[in-house]
Structures are given as structure tokens and as C-alpha cells.
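Notes follow once the structure below has been shown.
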Amino acid sequence: MKKDLEGKTAIITGAGRLRGIGRATAVALSKLGANIVVTGTGKNPETFPQDEKDIGWNDIESTAEQVRNEGSLAKTIITDITKESDVKFLIESTLEKFGSLDILVNNAAAPYGEDRVPIVEIENEIFKKVINTKLYGSFLCSKFAAIAMISQKKGGRIINLSSSAGKEGSARMGAYNAANFAIEGFTQALAKELAMEKITVNSVCPGMTETSRLDPLGRGALWKSKAENIPMGRVGTDQEVADLIAFLSTDKARFITGQSININGGSVTSR
Amino acid sequence: MEKELKGKVAIVTGAGRLRGIGKTTAVALAKLGANVVVTGTGRKPENYPDDEKAVGWKDIESVADLIRAEGSKALTIIADVTNKSDVKNMIDQTIKEFGRIDILINNAAYARAEDRVPILDLDENVFQKVVDIKLTGTFLCTKGAIEHMIKQGDGGKIVNISSSAGKKGTANFLAYNAGNFGVVGMTQSMARELGSKNINVNAVCPGAVDTSRMDVVRDDWDRMAADTPIGRNGTDEEVGNFCAYLCTEASSWIHGQSINLNGGTIMEH
């Protein structure tokens, strides 16, 4: 049986972490037959989490290996998505290598950490960096991907990673809230612009997910109490979020566009 | 490869129409390996739409044939979902035939037409009927099904069919808006209660979908399509496939949500 995404090419930004939505999405799309381009920022290996160091994890190169293990082709490209020249190079290299671009997953985000302070304390540059990576980066990637998809005339998929933080504001999350709320507005506008081109644009809004991004929270009492406050009584997995992105990437989801879909075990349900 | 829903048992209410979300959902679940119970109200054959008459369609019996054609087992039950003893019978029959209940699709709704009038013209019995089938029906079926899901101890899936009308009020839609907003609220409440039992509860909110339910608005059909960002209305198959996805293991972290499926007409909430 032909796989759902056979012959399709996907770009996934920010896909270098061992425990991360980017990596899990790359694998989920490759299981459906897509060829995958993964990007990372070329982070210094000394800053990798301990569990990555322990197994000799090699950032996007290791993600590419996992993609190849599924029988798909993979390409890695170090990209600063906030730079137009980098993004143009990313799109051009993808088209050169695979001949088409069908799916873009805007997953890259600034790391969790210094931005989680009250607004009166947040460094201006930190605020700008969170907005810049999430919003300006998703804009640049979407713009040049959409240009390619429109000229191909066979539709496409753009999937933006937002968050529960894109639905509900929280203390000490000002920058992250701003960026994620904005992603959802951007998703709606772009969906309306590209609908007639058969390019669907949606966001996925995960709640607390077990990834290295959330390592600063520890895995002790705080983590446990947060998990217990979720109606399902647990946090999510990177694989679960990736499965939803994979579904949205298939032809079955062709009538879903402009939506920002919560995947959070029931923690936020009102928007 | 083993099918994803092999060994699972699903109930789909209001699944007798040839062009309908109940039918396509039942078939999509059967394709994934589930055995499926379908209900209808035992509507009179002379009231069937012409295209059903033309192909000799036999309501839920024909849907059961489609399920069997996918290699799954099927059971048909005539049930008024607002009637407590009918719902009890539906649950009892399902358990008797298949031994368990894993999935419930609350799809039944009152026929569209006489309820689409200004408030001043809306008959209280019609209002009552619309709200009763949507809300009391969903409540009773859910209550009956979760009793078994909880006892079985290995979770379950409930998908409630709401609508764009559950997200945005429209003139002349009073009863239908009330019913569908109510379903969204019930979905959130059920999700918070049942999450710890691993029973996922979500709603699906379709926009204009090409079903026999919409035959009364064919004069307006092209305009509705043109008003959709994507430039067309939806198909029952698109909604059925999404409902089936929400019944798979892969979607277990999606919980308490009311998800729009509408070609972009409504993006909020």
C-alpha cells in the first residue's frame, strides 16, 4: 500500500533535540513516506543535555539518521531562521535536493529559561529574541515556502507550533505568550490567503510535553504537581504531538485550515 | 499489520443516511477494524431522500452492510436517544453482542428545517426537540457508555458532533446554536471528569458539509461554498475520517477540545 506522504518533502525547523517535538515530527512524517529536511542552529555540543551526551547524540545529524532508518531521505541544514539569506538557502537547497516542498513545520523556538520572569524584570533583548525566533522566523520560513508551494500548484501544508501559552496568558510568560498568541493570528491570516491554493495552514498548541525544552522545570515535586493538575493526570509526549502534526499533513486533513488545535490532556479547553 | 481498532467496539448514533456523517464515521471506524453498532430512529422509507430510494437504501441496515464489507461486525438498533429505556436497550444489546464498549460517537440530531426561523416564529416543541436530541441524547448515551468504559478499566473515546453553530450564533439558528454550544460545554465538563479514567472526550465542529441533512439549503449551497476560504463545502467522508482519527491511540493527548473542520470559515475558539 502506498504510504500517505510518499513523494512529499517536508521541512521541519528546530529538530535537533533527542527529546523534542521537531525530532518526533521528522520521524512521524518519514514513517508516512515523506523525505525530510531538518534544521538546527548548530548548537555547541557542550551545551547538549546530559542524556544526549551519554548516547553520543549528534543533533540534527542523529535526527536525520532516524529518518533514514524509516526508509526516507533526509537532509540537514544549519539555519538561522531569523535571517532571510539563511531561509532562502534552506528553501532553495530543499528544492534542489528533492524537487518539491510540500510541508513546512515551523517548530523552532528560543530556549525556555531567561524569558520566564516578570515583565518588569525581563531583559529587552531576551524579549526580542523570543518574538524574533518564533514569529519572525515562522514568517520568513512560511513566506518563502508558500512562494515555492504556490508555484508548484499542488497545494501544501504549513503547520505552526504554538502552545497552550498561545491561548491563555500566565504570569512570567509575557514574551512566550505574546509570540504564541501572535502565531495563531498569523495562522488565521495566512490560512485565508492560501486557502484557494489548497495550502492549509494550522497551528498545534501543546500543553506540557515531556521534552528537554522543559528540563529547567526539573522532574520533581513541581513537575508532578503540574501533571496532576492536568485532567488526564499526566503530561504529553513528543510523539503524541508529532502524531497530530502528521495527521494534519495528510490528505485526510484537507478541509481543516486556519485552526489552532489544542493537544494538552484537557488543561486548556476554552479556546 | 494489525488494524488500529481491532477488538474495539463503537456505537455511532444517527447513522442511517446514505449521505451523512454517521455513515462515514461508522465506515471509517470499520476500516480501522472496529466492530460498529449503528442506531437510527426507524424513519419511514417513504420519507427517504430520492437518491436513497433510487439505490434501494435501507437506512441503518445498509450502513451495517458497508461495515461488514470492511470485514467488521455490525449491529443495528432502533433507538430514540432521548428515551432512557431505548438508550439502556442500546447499551445492553451492544454488551450482549460484543461484550464491551470502547467508542461512542454522539452524532444523532433533529432534522434541519422547521427550527431555522426567527425566535418569534420558533415553536417551543421544535426548540425542545432540537435541544433534547442534541443534549439529553448525548448525556444519556454518554452516561450509559461510560459506565462500561470505567468498569472495563482501559479507557475509551467519546466524540460529540457539534457544529460551527456551536462556536458562533447566527440569526434563525436559536435552537441549533443552543444545542451545539451546549455540546461544547458538555464536552469540556465530561473531559475534566473522565480524563483520569483515560476516557478521551472531544467534539468535532463541522461547517457546511454535503449531506442529505443540507438538502433543504441547496438553493444557497454555492454561496455557502464561495463564503468558505477554501472555496468549497466539506464532505461527510472528511468529517468521518477525522472522527475516526480521534478514536485512535495516536490522538490520546487531544482531550476536551471542540475542533473546527470547516475549510476556514470559523477559526476562533
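In what follows, chains are A, B, ... by sequence order, proteins preceding strands, each numbered from 1.
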Check the pair Asn160(B), Thr138(B) against side chain to side chain donor-acceptor pair (under 3.5 Å), reporting the backbone distance first and the verdict last.
CA-CA 7 Å; Asn160(B) 299 322; Thr138(B) 297; 4.9 Å; no
Would Glu184(A) and Arg271(A) count as a salt bridge (Lys or Arg N to Asp or Glu O under 4.0 Å) here? Give the steps.
CA-CA 11 Å; Glu184(A) 296 181 17; Arg271(A) 288 166 55 96; 5.1 Å; no
Evaluate Asn264(A) against Gln257(B) for side-chain contact (heavy atoms from CB on, under 4.5 Å), listing each step before the verdict.
CA-CA 9 Å; Asn264(A) 59 26; Gln257(B) 307 305 322; 3.2 Å; yes
Side chain to side chain donor-acceptor pair (under 3.5 Å) evaluation trace for Gln188(B) with Thr269(A):
CA-CA 6 Å; Gln188(B) 296 183 10; Thr269(A) 56; 3.3 Å; yes
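Comparing Thr228(B), Asn260(B), Thr187(B), Asn202(B) by heavy-atom pairs within less than 4.5 Å of chain A, the highest count is held by Asn260(B). Of all the listed residues (Glu193(B), Lys197(B), Arg232(B)), the one sharing the greatest number of non-hydrogen pairs under 4.5 Å with chain A is Arg232(B). When the candidates Gly233(A), Pro206(A), Gly265(A) are compared by the number of heavy-atom contacts under 4.5 Å with chain B, Gly265(A) comes out ahead. Comparing Gly195(B), Ser196(B), Gly231(B) by heavy-atom pairs within less than 4.5 Å of chain A, the highest count is held by Gly195(B). Heavy-atom pairs under 4.5 Å with chain B peak, among Ile263(A), Val241(A), Asp243(A), Ile261(A), at Ile263(A). Between chain B and the options Gln239(A), Lys167(A), Glu197(A), Met196(A), the largest number of non-hydrogen pairs under 4.5 Å is found for Met196(A). Of the listed residues (Gly258(A), Ala28(A), Ala246(A)), the one with the most heavy-atom contacts under 4.5 Å to chain B is Gly258(A). For chain B, the option among Ser260(A), Ser270(A), Ala191(A), Ala242(A) with the highest count of heavy-atom pairs below 4.5 Å is Ser270(A). Among Ile256(A), Asp251(A), Thr187(A), the residue with the largest count of heavy-atom pairs under 4.5 Å with chain B is Ile256(A). When Ser258(B), Ala191(B), Ser252(B) are compared by the number of non-hydrogen pairs under 4.5 Å with chain A, Ser252(B) comes out ahead.
Counted within 6.0 Å of CD on Glu237(B), heavy atoms from surrounding residues, nucleotides or ligands total 12 or fewer; the atom is thus considered open. More than 12 heavy atoms of other residues, nucleotides or ligands sit less than 6.0 Å from atom CD of Glu6(A).
For Asn200(B), the part sitting under 4.5 Å from any heavy atom of chain A is the side chain, from C-beta outward, and nothing else. Neither the backbone nor the side chain of Ser251(B) comes within less than 4.5 Å of any heavy atom in chain A. Heavy atoms closer than 4.5 Å to chain B are found nowhere in Leu194(A), neither backbone nor side chain. With a 4.5 angstrom heavy-atom cutoff, Leu244(A) touches chain B via backbone and side-chain atoms both. Using a 4.5 Å cut-off between heavy atoms, Ala250(B) contacts chain A through both its backbone and its side chain. Contact annotation for Thr237(A): neither backbone nor side-chain heavy atoms come within less than 4.5 Å of a heavy atom of chain B. Only the side chain of Ile259(B) comes within less than 4.5 Å of a heavy atom in chain A; its backbone stays farther off. Neither the backbone nor the side chain of Ile199(B) comes within contact range of chain A, judged by heavy atoms closer than 4.5 Å. For chain B, the nearby part of Val268(A) is the backbone; its heavy atoms alone come within less than 4.5 Å.
At least one donor-acceptor pair under 3.5 Å links the side chain of Gln152(A) to the backbone N or O of Leu101(A).
Taking a cutoff of 4.0 Å between a charged side-chain nitrogen and a carboxylate oxygen, Arg254(A) and Glu238(B) qualify as a salt bridge. Under the 4.0 Å criterion applied to side-chain N and carboxylate O atoms, Asp102(A) and Lys154(A) are assigned as salt-bridge partners. Between Asp215(A) and Arg17(A) there is no salt bridge, since none of the side-chain N atoms of the basic residue sits less than 4.0 Å from a carboxylate O of the acidic one.
For the pair Arg116(B) and Tyr176(B), the cation-pi test (distance below 6.0 Å, angle within 45°) is passed.
Taking the six-membered ring where tryptophan is involved, the planes of Phe139(A) and Phe186(A) are perpendicular, since the angle between them exceeds 60° and thus also 30°.
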